[in-house]
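A quick note: this is a predicted structure, and the numbers were derived from the prediction, not measured.
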Amino acid sequence: MTLSINTNAAALNALQSLNRTTDQLGETQLRVNTGLEVNSAKDNAAIFAIAQNLRADRQGLEAVKSSLDRATSVLDISMAAAESIQELLIDMKEKVTQAADDGLPDESREALQEDFNRLRDQIVTMAKNATFNGTNMIDGPANPPTKPATLVALVSVDATLKIQVPRQNLQLAPAGTTPPAGNAIQLAQDTTFTDAVEAEALIATIDASIKNVSEALTVMGAGSNSMERQSTFLVKLGDTVETGIGNMVDADMARESARLTALQVKQQLGTQALSIANQQPQSILSLFNKG
């Protein structure tokens with residue numbers, strides 16, 4: 001090998017080797033720090049692109065689950081209110097049945113009427129307060145946007161598949177009006193009785209109202225069950241997608257730990273080799289020493 005003071009080939013080779021080791025060490029340290037083998041498109045363009053698409057789908061699943069959770073909460077409150085309203089109707093039936101007794105003293109019938117009126121007013125309050133996040137699905141007929149005709153929840157990331165639960169009107173008709181056929185509860189906010197005949201006439205109306213509330217609960221319960229099943233499925237699907245992403249981009253930490261140790265040793269040896277190579281031109285001086 002030619003001895004030259006201008007070009008130190010050994011030092012250049014040692015430097016190139018050290019630079020490669022340093023680059024590899026940097027890559028390994030990044031994998032250890034992030035836990036990812038594929039951190040960017042530079043590492044593996046194809047895998048990175050697939051992973052990004054899957055991450056987008058994963059975020060979409062989170063949005064769908066949020067939609068289901070919101071709708072489920074609305075239904076939970078609506079059903080709780082509907083069950084309480086049905087209990088009130090049952091109590092109201094007891095009052096009118098007792099008041100329909102011709103032999104009942106007027107004072108007792110008046111007391112039953114007052115109880116009936118208080119129960120009736122509680123229905124109005126319960127239906128009005130069954131609101132979640134500004135949405136009420138039982139307080140009167142549809143009146144968008146505050147009173148939508150249907151409760152909608154997304155079940156697909158492209159928003160094409162949905163679960164829809166129709167509004168159930170469990171509010172009493174305005175005072176002085178006749179409840180329309182579409183009302184589940186066939187009572188007005190001023191419905192009452194003053195004698196046994198009027199009380200008896202209300203029995204069938206309240207029975208029909210109790211039955212209608214049961215049907216409304218069935219509709220809402222079925223919708224809630226569907227949403228809960230979809231929500232459970234989305235959690236499993238999201239976990240599967242997350243696992244798939246990890247299989248593609250996650251680093252094997254055991255292997256990276258071993259590689260990191262090896263590269264650190266290799267870097268130290270490369271530094272020593274470069275130091276030795278840099279000293280080689282010093283040997284040229286011995287050629288010019290005078291004896």
Side-chain angles (χ1 to χ4, degrees), residues 70-100 104 106-152 164-224:
R70 174 193 59 79
T72 299
S73 297
V74 173
L75 286 179
D76 286 345
I77 289 178
S78 299
M79 288 188 293
E83 290 170 358
S84 297
I85 289 172
Q86 192 173 56
E87 292 175 0
L88 290 173
L89 287 170
I90 292 172
D91 290 342
M92 291 169 70
K93 179 183 177 181
E94 179 184 2
K95 304 303 179 185
V96 296
T97 301
Q98 292 176 353
L104 193 69
D106 291 341
E107 294 81 2
S108 298
R109 185 174 290 106
E110 289 175 0
L112 291 170
Q113 180 192 27
E114 290 180 6
D115 289 343
F116 178 90
N117 293 344
R118 281 195 292 268
L119 294 171
R120 176 201 65 199
D121 294 342
Q122 288 181 47
I123 293 178
V124 175
T125 302
M126 285 184 180
K128 185 177 181 179
N129 290 338
T131 300
F132 177 82
N133 195 30
T135 302
N136 189 315
M137 294 301 296
I138 65 173
D139 183 24
N143 183 21
T146 57
K147 296 181 180 180
T150 57
L151 178 64
V152 179
Q164 300 189 49
V165 181
R167 165 175 287 277
Q168 305 297 316
N169 181 10
L170 303 185
Q171 186 57 278
L172 303 186
T177 64
T178 300
N183 279 31
I185 302 176
Q186 290 294 299
L187 301 172
Q189 295 179 10
D190 58 352
T191 296
T192 189
F193 59 87
T194 57
D195 54 37
V197 175
E198 292 179 352
E200 183 178 355
L202 285 174
I203 295 177
T205 302
I206 294 177
D207 279 340
S209 299
I210 293 173
K211 179 182 178 182
N212 291 340
V213 173
S214 293
E215 293 175 354
L217 280 167
T218 299
V219 172
M220 291 188 289
S224 180

Task: Under 3.5 Å: donor-acceptor pair, side chain of Asp190, backbone of Gly176 - done: yes

Open item on the list: Using side-chain heavy atoms (C-beta onward) and a distance below 4.5 Å, is Ser214 in contact with Gln86?
Closed with: yes

Open item on the list: A side-chain contact here means heavy atoms from C-beta on lying under 4.5 Å apart; do Leu75 and Met137 qualify?
Closed with: no

- [ ] Using atom types as modelled and distance alone, determine if a side-chain donor or acceptor of Gln189 lies under 3.5 Å from a backbone N or O of Pro174.
- [x] no

- [ ] Check Val124, Thr192, Leu172 against Leu187 for a side-chain contact (heavy atoms from CB on, under 4.5 Å) and give me the one that passes.
- [x] Leu172

Task: Ser224 and Met79, any side-chain heavy atoms less than 4.5 Å apart - done: yes

- [ ] Supply the atom-to-atom distance Leu217 CG to Leu170 CG, rounded to the nearest 0.5 angstrom.
- [x] 7.5 Å

Task: Heavy-atom pair of closest approach, residues Ala173 and Pro179 - done: CB-CA, 3.7 Å

Task: Check: Arg120 side chain, Leu88 main-chain N or O, donor-acceptor pair, under 3.5 Å - done: no

- [ ] Could you pull out the closest heavy-atom pair between Arg167 and Asp139, with the gap in Å?
- [x] NH1-N, 3.6 Å

TODO: Could you tell me whether a side-chain N or O of Asn183 sits under 3.5 Å from a main-chain N or O of Asn169, the two making a donor and an acceptor?
DONE: no

- [ ] Could you tell me whether the side chain of Lys147 reaches within less than 4.5 Å of the side chain of Pro141, counting heavy atoms only?
- [x] no

TODO: Could you tell me whether the side chain of Asp115 reaches within less than 4.5 Å of the side chain of Asp91, counting heavy atoms only?
DONE: no

TODO: For the pair Thr131 (side chain) and Asn136 (backbone), establish whether a donor and an acceptor sit closer than 3.5 Å, ignoring hydrogens and angles.
DONE: no

- [ ] Work out which heavy atom in Pro166 is nearest to a heavy atom in Thr150; give both atom names and the distance.
- [x] CA-CG2, 4.0 Å

Task: Exercise: identify the closest heavy-atom pair between Ala130 and Ala81 - done: CB-CB, 3.6 Å

Task: Asp195 bridged to Arg109 by N-O distance under 4.0 Å - done: no

TODO: Measure from the side-chain N and O atoms of Gln186 to the backbone N and O of Pro180, and report whether any donor-acceptor pair falls under 3.5 Å.
DONE: yes

- [ ] State whether Arg118 and Asp121 are salt-bridged, where the test is any N-O pair (Lys NZ or Arg NE/NH1/NH2 against Asp/Glu carboxylate O) under 4.0 Å.
- [x] no

Open item on the list: Within this structure, what is the CG-CG distance for the pair Leu112 and Asn117, rounded to the nearest 0.5 Å?
Closed with: 11.0 Å

Task: Neighbour count >12 (heavy atoms, 6.0 Å) for atom CD, Glu200 - done: no

Task: Intermediate values then yes/no, side-chain contact (heavy atoms from CB on, under 4.5 Å), Val74 and Val165 - done: CA-CA 11 Å; Val74 173; Val165 181; over 6 Å; no

Task: Residue pair Arg70 / Leu151, side-chain heavy-atom distance below 4.5 Å - done: yes

Task: Lys93 NZ to Phe116 CZ distance, which is reported to the nearest 0.5 Å - done: 13.0 Å

TODO: Give the minimum heavy-atom separation between Phe193 and Ala199, together with the two atoms involved.
DONE: CB-N, 3.7 Å

TODO: Determine, step by step, whether Thr205 and Thr191 satisfy the side-chain contact (heavy atoms from CB on, under 4.5 Å) criterion, reporting the C-alpha distance in whole Å, the side-chain angles of both residues, the deciding distance to 0.1 Å, and the verdict.
DONE: CA-CA 11 Å; Thr205 302; Thr191 296; over 6 Å; no

